[in-house]
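See structure below.
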Amino acid sequence: MNIGDSILAMLKSEISENEYKRYIKQLHFSTAESRSNSAVFIAPNPLIANWIKTKYADKIAHLYEVKTGTKPSVYIKVKGTEKEERRKSVVPVISSTEKAASSLLNPSHTFENFVVGGSNQFAFASAKSVSEKQGEIYNPLFIYGGVGLGKTHLMQAVGNVLQQHGKSVIYTSIEQFVNDFTRHLRNQTMDRFKDKYRKCDALLIDDVQFLSNKNQTQEEFFHTFETLRNEGKQIILTADKHPKQIAGLEERLKSRFEWGLVADIQPPELETKIAIIKKKCEINRVLLDNEVINYIATIISNNAREIEGILSKLHAYSQLMHVDITIEFVKNVLKEQLTEQRENINIEQIMTTVAKDLNVKPSEIRSKNRSRNIVYSRRIAIFLAREHTPMSMPQLAQYFGMKDHTAISHTMKKIHQLLKDDEDFKVKIEELSNKITASPVS
Ligand code: ADP
Ligand code: MG
């Protein structure tokens, strides 16, 4: 028995029969690709790979250490077509190495797999034009926005197109770039460093905000940038903020980052989130009801990265338990991820959530103000309070400064009418209701 198989056998005794059969048994150790400090396993599909990655990778690494004395990086590779094999679709799974993603492009980060909505259409269109006319129009292309909004995906989508056209593309995180630089400097092999980064057709650098205060690397990066740009090679950069806002960055870099096109990505609207979930379901071949998809869209935060984790978790559990994925089921499975708050929802929480979402002040909601937006917010708050707290009608009347319980009862009637007639109102109520019972998964 090879080392990998004996580790899996050890794991067998630690988990249930069912889990073993469903997941671990499907895993194959790759003797050819494993080294003393890395263990490579092959899973039959991305979902199983993901599941094993979140649930068992640490354990596998630990058992390795127990057995051999060294703790390897564990990789779960998805078994695929030959083409994919050549692209080395290895997923690094140990958390510490995860950040320093490999310099390979993720083949599923394509334009086709990217959902376009109001929040990202400008960045999408910019990336698309760069992929069609590289080096000519927007150089550099600078994409910025919050975590999990699709910056890396878009940047790599361009990279994938260019690569298909036979161009040499380097994709790297800024951390990797800094590490590479330091290593070559130490080994006195800067010629090789320069060759590598200045001879490519396109340079894609992720998360450049981390260049902040790294003066020596900034200097080197500046020259790399100049060389590539002068030769008409495409540069694409991402960051979590606008170049102007990156502290500790040389002025000359800041200004150059703005020379081409700066495109931002905003948090997705609800419809875009729904469309992203649908897309991810399609890619991962997970079947979900629209109702369930809508529910998931309302409980996740704006970070689309959560979606894949949630889908593989749901899929894995439903397979394990042989049940369909219903909203109840989703709630159950994601229970640990939802905050404890749901236990004792109080009126203040509802007020904060509603006020924040609708951009009004809690004090306005409780006032006698009759302006449209306030009345709208007040109705929603009253409905949610009635739904989620044990407050009685007289208590609610007092809280919202109304005459007596009949006023609340009147408002409730009105709300129920709106829920029937006004789709937008209904969606808003659902969205906020889910937010309150299930604070964002994070
Ligand atoms: P960022 O680099 O902005 O932190 P990523 O590009 O890594 O975010 O995106 C996180 C995950 O969300 C990826 O799996 C990506 O495919 C997915 N994602 C984000 N936005 C979209 C979108 N508009 N359409 C499809 N998938 C998306
Ligand atoms: Mg990213």
Side-chain angles (χ1 to χ4, degrees), residues 46-47 49-51 53-54 78 89 91-93 95 97-128 130-131 141-161 170-177 203-211 236-242 246 262-286 288 293 296-297 300-313 315 440-442:
L47 276 177
N50 243 330
W51 181 245
K53 167 180 148 179
T54 41
V78 180
S89 55
V91 194
V93 295
S95 45
T97 59
E98 202 153 37
K99 190 79 198 152
S102 82
S103 63
L104 301 160
L105 298 171
N106 181 334
S108 72
H109 283 162
T110 60
F111 286 116
E112 294 73 42
N113 286 343
F114 192 83
V115 173
V116 186
S119 55
N120 59 32
Q121 72 192 25
F122 183 63
F124 177 85
S126 314
K128 199 82 207 254
V130 166
S131 75
L141 170 63
F142 190 101
I143 306 174
Y144 76 96
V147 178
L149 301 185
K151 302 184 294 295
T152 301
H153 186 137
L154 271 185
M155 170 190 245
Q156 293 203 353
V158 180
N160 276 314
V161 171
I170 295 188
Y171 163 79
T172 175
S173 66
I174 199 73
E175 285 131 307
Q176 237 174 342
F177 184 85
L203 180 61
L204 280 41
I205 302 207
D206 224 346
D207 296 315
V208 294
Q209 71 272 12
F210 292 120
L211 262 180
I236 310 180
L237 309 166
T238 73
D240 64 351
K241 33 178 123 51
H242 190 282
I246 303 177
V262 178
D264 67 326
I265 304 191
Q266 294 296 322
E269 308 81 9
L270 189 62
E271 303 83 79
T272 310
K273 274 200 241 178
I274 291 173
I276 295 176
I277 299 174
K278 286 188 174 155
K279 181 58 96 180
K280 294 287 178 198
C281 285
E282 187 189 308
I283 295 169
N284 291 301
R285 286 185 220 102
V286 176
L288 291 183
I293 291 178
I296 296 175
I300 57 170
S301 67
N302 292 326
N303 181 345
R305 204 168 292 164
E306 288 172 1
I307 296 173
E308 267 164 342
I310 289 180
L311 291 184
S312 65
K313 195 164 183 178
H315 180 80
V441 178
S442 57

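Here the structure is a predicted model, which means the values were calculated and not measured. First listed ligand is number 1; within each ligand, the first listed atom is number 1.
Using a distance-only test at 3.5 Å, with no hydrogens or angles considered, no donor-acceptor pair links the side chain of N113 to the main chain of A157.
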(message) For Y171 and D206: C-alpha separation, side-chain torsions, deciding distance, then whether side chain to side chain donor-acceptor pair (under 3.5 Å) applies.
(response) CA-CA 8 Å; Y171 163 79; D206 224 346; 2.4 Å; yes
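Within 4.0 Å of ligand 1, the residues that place a heavy atom are H109, N113, F114, V115, N120, G146, V147, G148, L149, G150, K151, T152, H153, I276, K280, A304, R305, E308, listed by chain and number.
The distance from atom CD1 of I307 to atom CD1 of I296, rounded to the nearest 0.5 Å, is 8.5 Å.
When the side-chain hydrogen bond (donor to acceptor under 3.5 Å, both in side chains) test is applied to S131, no partner is found at least two apart in sequence or on another chain.
For T152, the nearest N, O or S atom to the Mg ion (ligand 2) falls under 2.8 Å.
In this structure, H153 and F114 have perpendicular ring planes: the angle between them is above 60°, well past the 30° mark.
Geometrically, K151 does not engage Y144 in a cation-pi contact defined by less than 6.0 Å to the ring centre and at most 45° from the axis.
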